[in-house]
A.B. asks: 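Starting off with a structure, shown below.
In what follows, chains are A, B, ... by sequence order, proteins preceding strands, each numbered from 1.
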Number of protein chains: 2
Amino acid sequence: MSGKGVDDVEKINDYKNEDFLLIKDVIEDNGYKMTTQRREVLMQFIRNKEEHLNVEKIYDIVKPKGIGVSTVYRSINIFVDLGILKEFRVDNTNYYELKMYAKKPLHIHFKCEKCRKIKDITDKEVIFKYLRINNLLEKEYNTEINDVDIMFHGLCSNCIDKNNIN
Amino acid sequence: MSGKGVDDVEKINDYKNEDFLLIKDVIEDNGYKMTTQRREVLMQFIRNKEEHLNVEKIYDIVKPKGIGVSTVYRSINIFVDLGILKEFRVDNTNYYELKMYAKKPLHIHFKCEKCRKIKDITDKEVIFKYLRINNLLEKEYNTEINDVDIMFHGLCSNCIDKNNIN
DNA sequence: TTTAATGCAAAGTGTTTGCACTATA
DNA sequence: TATAGTGCAAACACTTTGCATTAAA
């Protein structure tokens with residue numbers, strides 16, 4: 001009896017995903033092979049673009065498919081080295097997110113001290129203002145800024161409102 | 001024969017240091033004792049205000065005086081909890097610096113990707129611009145921003161110049 | 001003098017590595 | 001089919017903890 005397993009169907013679908021194909025090229029251009037395991041790890045980020053994933057979360061998802069922790073670590077390390085993933089740290093845990101192909105990325109995170117949620121700030125106006133400061137800095141100090149991480153700590157609007165009620 | 005040892009003289013001098021006395025109060029207000037070990041760890045930061053210290057560096061200095069690693073870790077953790085120290089991470093290593101008493105601190109670090117040096121950015125104009133963005137964000141999103149960490153990655157002026165020669 | 005703090009060693013984390021086996025190009 | 005990649009377990013590095021001892025208030 002011929003027939004495709006669940007994994008095969010998944011694989012075929014992944015290979016239709018445009019983001020996956022672009023990143024696959026980056027990986028293979030650098031002499032790495034696109035293995036099932038790397039595809040699985042990578043797809044977690046592509047499927048949940050907005051989420052901030054850590055090794056534990058990814059391993060939980062990927063363990064049932066027989067993928068080991070070391071492979072998760074090795075994949076993520078390669079992806080970070082190749083600039084596919086961006087690492088950032090909150091509360092002693094490393095999180096990762098897709099960096100894609102922006103040349104001068106600006107990563108702004110907001111960590112609420114009460115509900116502990118991490119939010120991305122993507123407000124165009126804010127990002128634009130930050131980029132202007134970068135330019136100022138580069139000129140004034142004769143430096144080259146390739147990457148900026150900004151982490152805000154505070155209270156998000158939800159928790160501020162709850163604070164006022166009490 | 002009566003006479004003060006080197007350690008006693010150091011202690012007496014530390015107890016004349018204004019910054020030390022202020023921080024000592026914070027520690028004792030929170031029910032902690034000002035022990036010899038905590039004083040030694042703390043003084044590393046006060047004596048090298050501009051430096052970025054990690055546990056290893058502090059332990060190296062303090063080990064000859066018979067202070068253990070666990071005490072270094074325990075001291076630093078308390079200082080971070082009390083808001084005396086600020087923690088930041090570069091290349092998988094935690095660094096610490098004095099936070100002192102600024103209400104809305106803004107920590108801007110520049111990490112050169114070539115020489116790996118970490119520099120503080122203290123330029124008043126830049127900090128002021130950032131604070132204005134904070135205010136904008138707080139109003140626009142109804143949030144409260146208590147703390148901001150900014151990490152630049154790039155090439156410092158030294159390394160840029162060397163790049164151009166080659 | 002009481003109780004918090006210390007040093008040591010042991011235990012915990014999170015991450016990397018060596019090696020025999022497996023699967024990709 | 002050759003070689004890069006994998007899973008596993010062991011090793012590692014960093015950090016925390018239990019406990020008997022010490023020292024600060």
A.B. asks: Quick one: which of C/dT15, D/dG7, C/dG7 gets closest to the side chain of B/Ile67?
C.D. replies: C/dG7
A.B. asks: Heavy atoms under 4.0 Å, any strand shown: does A/Thr36 hit a base, just sugar-phosphate, or nothing?
C.D. replies: sugar-phosphate
A.B. asks: Report the distance from atom CG of B/Asp60 to atom P of D/dC14, rounded to the nearest whole Å.
C.D. replies: 12 Å
A.B. asks: Quick one: is D/dT6 close enough that its OP1 or OP2 comes under 4.0 Å of any side-chain N or O from A/Thr35?
C.D. replies: yes
A.B. asks: Grab the CD-P distance between A/Glu56 and C/dT15 for me, whole Å please.
C.D. replies: 10 Å
A.B. asks: Does any donor-acceptor pair link the side chain of B/Ser70 with the base of C/dC8 at a separation under 3.5 Å?
C.D. replies: yes
A.B. asks: Would you mind reading off the distance between B/Ile27 atom CD1 and D/dA25 atom P, rounded to a whole angstrom?
C.D. replies: 11 Å
A.B. asks: Hey, does A/Glu28 reach any base, or is it just sugar-phosphate, or nothing, if we go heavy atoms under 4.0 Å?
C.D. replies: sugar-phosphate
A.B. asks: It should be established whether B/Arg38 places a side-chain nitrogen or oxygen under 4.0 Å from OP1 or OP2 of nucleotide C/dT6.
C.D. replies: yes
A.B. asks: Starting at atom CG of B/Asn77, determine the distance to atom C1' of D/dT17, rounded to an integer number of angstrom.
C.D. replies: 12 Å
A.B. asks: Would a 4.5 Å heavy-atom cut-off, applied to side chains only, mark A/Ile108 and A/Phe152 as touching?
C.D. replies: yes
A.B. asks: Measure from CG on A/Asn94 to C1' on C/dT16 and round the result to the nearest Å.
C.D. replies: 14 Å
A.B. asks: Rounded to whole angstrom units, what separation is found between the CG atom of B/Asn54 and the P atom of D/dA13?
C.D. replies: 15 Å
A.B. asks: Please report whether the ring centroid of A/Phe45 lies less than 6.0 Å from that of A/Phe79.
C.D. replies: no
A.B. asks: What is the distance, rounded to the nearest whole Å, between atom CD1 of A/Ile76 and atom P of C/dG14?
C.D. replies: 14 Å
A.B. asks: 5'-most contact on DNA chain C: B/Asn92 or B/Lys65, nearest heavy atom basis?
C.D. replies: B/Lys65
A.B. asks: Answer yes or no: is there a side-chain heavy-atom contact under 4.5 Å between A/His109 and A/Asp120?
C.D. replies: yes
A.B. asks: Determine whether B/Phe88 and B/His107 satisfy the following criterion, ring pair (Phe, Tyr, Trp, His ring centres under 6.0 Å), listing intermediate values before the conclusion.
C.D. replies: CA-CA 9 Å; B/Phe88 65 99; B/His107 306 270; 8.3 Å; no
A.B. asks: Can you tell me which nucleotide in D/dA24, C/dG18, D/dT17 comes closest to the side chain of A/Arg74?
C.D. replies: C/dG18
A.B. asks: In whole angstrom, give the distance that lies between atom CZ of B/Arg39 and atom P of D/dA25.
C.D. replies: 11 Å
A.B. asks: Side chain of A/Lys33: nearest nucleotide among D/dG5, C/dG7, C/dT15?
C.D. replies: D/dG5
A.B. asks: Determine whether B/Leu42 and B/Ile27 satisfy the following criterion, side chain to side chain contact (heavy atoms under 4.5 Å, CB included), listing intermediate values before the conclusion.
C.D. replies: CA-CA 11 Å; B/Leu42 183 54; B/Ile27 290 168; 4.1 Å; yes
A.B. asks: Using OP1 and OP2 only, check whether a side-chain N or O of B/Tyr73 sits under 4.0 Å from D/dT16.
C.D. replies: no
A.B. asks: Would you say A/Gln37 reaches C/dT24's phosphate, i.e. side-chain N/O to OP1/OP2 under 4.0 Å?
C.D. replies: no
A.B. asks: In terms of the nearest nucleotide of DNA chain D, which residue is placed more toward the 5' end: B/Met34 or A/Gly31?
C.D. replies: A/Gly31
